[in-house]
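Some notes on the structure that comes next.
Residue numbers start at 1 and run along the sequence shown.
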Amino acid sequence: MGGIGKTALAVEAAHRAQGKGWFPGGTLFVDLRGYDDDPVTADQAVLALLDALGVRDQDLPPTTERQYDAYRALLAGRRDRMLLILDNASDPAQYVPLLPGTDHHRVLITSRDRPDALAVRLIDLETLAPDDSVALVTRALQSTDERDERPAQEPDALRELVELCGHLPLALQIAAGMLRRRRHRDIASLVADIRDAGDPADVLDRGSPGTDLYGRSLVLRPVLETSYRRLPAGQARLLRLFCLAPGAETGTEAIAALADLKMQSALSLLEDLASRYLVTPVRSGVGTASAVRWHIHDLVRAFGTGVVAEDTRLREEGEAARERVLTFYRRWARAADARLRWLPGRVEPERFADRGQALAWLDGERAGLIAAVGWGRDERFAGAAVGLAMCLGAYLSWRRYFDDLITVARTAQVAAQLAGDRLSEAIAWDYIGLALRKADRAEDAIDAVTRARDLFKAVRDRDSEANAWNNLGIVLRVADRVEEAIDALTRARDLHQAAGNGHREATAWNNLGSALRTAGRLEEAIDAHTHARDLHQAVGDGHSEAMAWGNLGNALREAGRAEEALEAYGECLQIFRTFEDWYSVAQTLQNQALAHEVAGHPVEARTAYLQSVAAYTRADAPVEAAFVRSRAAQLSE
């Protein structure tokens with residue numbers, strides 16, 4: 001990539017090699033200016049090389065062909081090995097004629113383009129690691145003034161600065177130069193300037209200190225512009241549109257949708273851009289194009305979005321591309337959501353054969369899906385973004401991404417208002433309530449679900465209104481408003497029962513059982529959970545059946561019926577494991593351990609606690625795992 005530090009690395013390597021005596025014949029360096037408006041040709045470069053080798057004036061052969069002959073003859077006749085650095089090449093035609101024609105000497109070429117057609121050893125340079133970026137800026141400041149304590153005093157601001165620079169050495173050098181100039185201001189002030197501008201290149205180029213140690217201009221945008229201008233039209237278009245894609249990494253399918261291309265065409269163009277180091281492939285699987293995801297550097301992304309914003313025609317092209325990718329995401333997110341909610345007897349969703357495939361796709365596209373929902377704050381995309389958001393609630397709740405769920409639901413609520421879609425707004429408030437409850441913000445959740453219930457009532461969606469009563473009962477119980485919770489859940493049960501919705505009636509029975517258990521009405525709770533279990537079995541909802549078994553076990557355990565509780569937990573575990581719902585497995589094992597303690601089985605209880613630790617760890621729940629581990633330790637004392 002331009003600005004990665006190719007020349008600096010080549011020159012440093014040459015100095016070290018010379019210091020070790022590897023090239024007693026010396027080093028020749030030619031800047032081919034491959035990305036300037038007037039690149040150096042091989043014919044021009046050979047004249048400079050002959051001059052460096054002492055062939056000039058009347059000794060210079062009169063024709064180009066004889067000049068190359070003389071150049072190669074001189075290199076072939078030199079016994080002392082030489083190093084030839086051909087810097088900044090944009091085309092093999094600039095350097096292939098300059099290769100010595102003997103393996104005695106060595107050649108080092110730098111380029112922004114990957115010459116896959118040539119049998120040369122390739123060394124790809126990546127951006128710096130975060131710690132190395134911090135070290136580079138710190139050293140740059142303290143080599144000028146060893147009393148500069150800003151890096152030590154502002155470690156967080158420095159890390160944010162190098163992140164905004166994309167860990168690109170050129171950008172880091174410019175930032176360090178600006179900080180040297182602004183020596184009486186803190187690092188945080190430069191971070192704030194870049195964040196306010198939105199495009200790091202704007203701030204860095206305006207404050208650039210001039211040139212580097214090699215006399216080269218320290219400017220960022222021209223480096224990106226020259227790379228962009230050299231692209232063929234198809235590659236340039238795809239790069240522009242890719243810069244608009246949501247998420248840090250994007251799958252090939254989504255990029256193809258964004259650009260309105262067939263998969264193979266998009267893949268070929270992406271590979272071309274990767275060979276120019278403008279995008280980076282990230283392998284997420286084996287064997288297919290859809291297994292490859294693509295990353296674009298933040299500075300390239302900012303540049304590309306700037307190019308689009310400056311041109312009316314390109315802006316419209318970009319808006320149409322966003323609509324296409326929203327349509328793509330909405331179609332497959334709906335299919336994945338349908339697979340997660342699928343029950344026997346219903347129509348099979350398209351594409352995803354099982355829950356595992358649906359979850360894998362959602363996991364891979366998660367960042368892009370959430371970012372795409374964010375486009376709903378623009379009225380043009382509001383309707384599509386709401387539709388997409390509605391497909392993500394079950395997934396985000398399942399994976400316990402509650403912060404993401406809150407973000408998506410709140411964005412959906414704003415977008416639904418923009419689109420004038422009161423039903424979708426009600427659904428969004430319902431999701432907000434769910435997310436807030438999961439985030440232990442019960443009172444806020446009550447307000448959100450109450451809004452949802454009232455909106456559902458206003459649009460005369462009775463089934464959804466009944467479901468909102470169910471959700472309100474859940475959050476009221478969590479808020480220790482148990483009698484109100486029992487009333488709400490009883491109403492939800494009766495409404496679903498009257499509508500003949502057995503699946504949602506079962507859910508209401510299950511939640512009513514939990515509220516009755518909280519109120520100490522254990523026999524009623526046992527009856528309610530038994531009703532829920534039987535109804536979920538009847539409709540074939542295995543996951544909800546497992547939840548009912550688990551809650552039944554809790555009620556039986558609290559009623560002192562430990563052996564019956566253990567049987568219920570065993571049924572529950574068997575089902576949760578088939579769904580690979582490791583958080584629920586961990587919770588059930590924790591409850592099972594409590595039942596073993598009640599039954600006087602300390603060894604079995606400790607075993608269940610340790611199994612629960614493993615499941616919580618698998619579910620990425622370290623706090624819960626630590627708590628259960630301490631319970632296991634207490635039993636072993």
* Are any of the side-chain nitrogens in R315 or E319 under 4.0 Å away from the carboxylate oxygens of its partner? -> no
* Structure fact -> Sorted by chain and number, sequence neighbours left out, salt bridge (charged side-chain N to carboxylate O under 4.0 Å, His left out) with R410 holds for none
* Asked: Is any side-chain N of the basic residue among R322 and D378 closer than 4.0 Å to the acidic one's carboxylate O?
  -> no
* Asked: Is the closest side-chain heavy-atom distance between L278 and S227 below 4.5 Å?
  -> yes
* Side-chain contact, heavy-atom cut-off 4.5 Å: D363 with R399? -> yes
* **Note, L369 side chain near L392 side chain (heavy atom, < 4.5 Å)** => yes
* **Side chain to side chain, L434 and L436, heavy atoms closer than 4.5 Å** => no
* Does a side chain donor of either T7 or D87 reach within less than 3.5 Å of an acceptor in the other side chain? -> yes
* **Identified side chain to side chain contact (heavy atoms under 4.5 Å, CB included) partner of L204 from the options L164, L220, L299** => L220
* Look at the aromatic rings of W361 and Y329 and report parallel, tilted or perpendicular, splitting at 30° and 60°. => perpendicular
* **Worked verdict on R293 versus T252 for side chain to side chain donor-acceptor pair (under 3.5 Å)** => CA-CA 6 Å; R293 303 186 64 75; T252 309; over 6 Å; no
* **ring pair (Phe, Tyr, Trp, His ring centres under 6.0 Å) involving Y401 - partner list, sequence neighbours excluded** => none
* Between Q413 and Y431, do the side chains contain an N or O donor and an N or O acceptor separated by less than 3.5 Å? -> no
* Asked: Quick one: CZ on F303 to CZ on R221, what's the gap to the nearest 0.5 Å?
  -> 6.5 Å
* **E323 side chain to T327 side chain, donor-acceptor N/O pair below 3.5 angstrom** => no
* To do: Tell me, yes or no, whether the heavy-atom count around D116 atom CG, taken from other residues, nucleotides or ligands under 6.0 Å, exceeds 12.
  => yes
* Asked: Between V120, L86, L83, which is the residue that forms a side chain to side chain contact (heavy atoms under 4.5 Å, CB included) with V107?
  -> L86
* Closest non-hydrogen atom pair between G433 and V449, with its separation -> CA-CG2, 3.7 Å
* Atom SG of C243 and atom NE2 of H297: how far apart are they, to the nearest 0.5 Å? -> 12.0 Å
* Asked: Looking at side-chain heavy atoms only, is the closest gap between V386 and I427 below 4.5 Å?
  -> no
* Electrostatic pair R437-D444, nearest N-O below 4.0 angstrom -> no
* To do: Taking only Lys NZ, Arg NE, NH1 and NH2, and the carboxylate oxygens of Asp or Glu, determine whether R33 and D31 approach each other closer than 4.0 Å.
  => no
* Asked: Could R380 and E316 be called an ion pair, given the rule that one side-chain N must be under 4.0 Å from one carboxylate O?
  -> yes
* Salt-bridge criterion met for D199 and R301 (N-O under 4.0 Å) -> no
* Asked: Are the side chain of T450 and the backbone of I446 linked by a donor-acceptor contact shorter than 3.5 Å?
  -> yes
* Can R114 be said to sit on top of Y277's aromatic six-ring, NZ or CZ under 6.0 Å from centre and within 45° of the ring axis? -> no
* To do: First locate atom CG of D404, then atom OG of S397, and finally report the distance between them rounded to the nearest 0.5 Å.
  => 12.0 Å
* Salt bridge check: are E365 and R330 linked by an N-O gap of less than 4.0 Å? -> no
* Asked: Does the side chain of V96 come within less than 4.5 Å of L118's, by heavy atoms?
  -> yes
* E317 CD to T312 OG1 distance, which is reported to the nearest 0.5 Å -> 12.5 Å
* Should R182 and D193 count as an ion pair when the cut-off is N to O under 4.0 Å? -> yes
* Polar contact flag, side-chain donor to acceptor under 3.5 angstrom, W294-T280 -> no
* How far apart are the closest heavy atoms of L141 and A176, and which atoms are they? -> CD2-O, 3.7 Å
* About how many Å separate CG of L258 and OG1 of T250, when rounded to the nearest 0.5 Å? -> 8.0 Å
* **Donor on one side chain, acceptor on other, E146 and Q142, under 3.5 Å** => no
* Asked: Checking E160 side chain against V191 main chain: does a donor-acceptor pair fall under 3.5 Å?
  -> no
* **Crowding at CG, D124 (>12 non-hydrogen neighbours, <6.0 Å)** => yes
* To do: Any chance you could lay out the side chain to side chain donor-acceptor pair (under 3.5 Å) test for Y395 and R366, step after step, and finish with the verdict?
  => CA-CA 10 Å; Y395 161 69; R366 174 182 151 214; 4.9 Å; no
* **Working for side chain to side chain donor-acceptor pair (under 3.5 Å), residues R276 and Q235** => CA-CA 10 Å; R276 297 172 182 268; Q235 293 180 33; 3.1 Å; yes
* Structure fact -> To the nearest 0.5 Å, atom CG of L273 lies from atom CG of L231 at 6.0 Å
* Structure fact -> side-chain hydrogen bond (donor to acceptor under 3.5 Å, both in side chains) filter on R451, not counting sequence neighbours, yields none
* Side-chain heavy-atom pair L172, V162 within 4.5 angstrom cut-off -> yes
* Side chains of T144 and R183: do they bring a donor and an acceptor to under 3.5 Å? -> no
* Asked: Given the rule in the side chain to side chain donor-acceptor pair (under 3.5 Å) test, do R230 and Y35 qualify, once you have shown the distances and angles that lead to the verdict?
  -> CA-CA 8 Å; R230 288 178 53 81; Y35 301 91; 5.3 Å; no
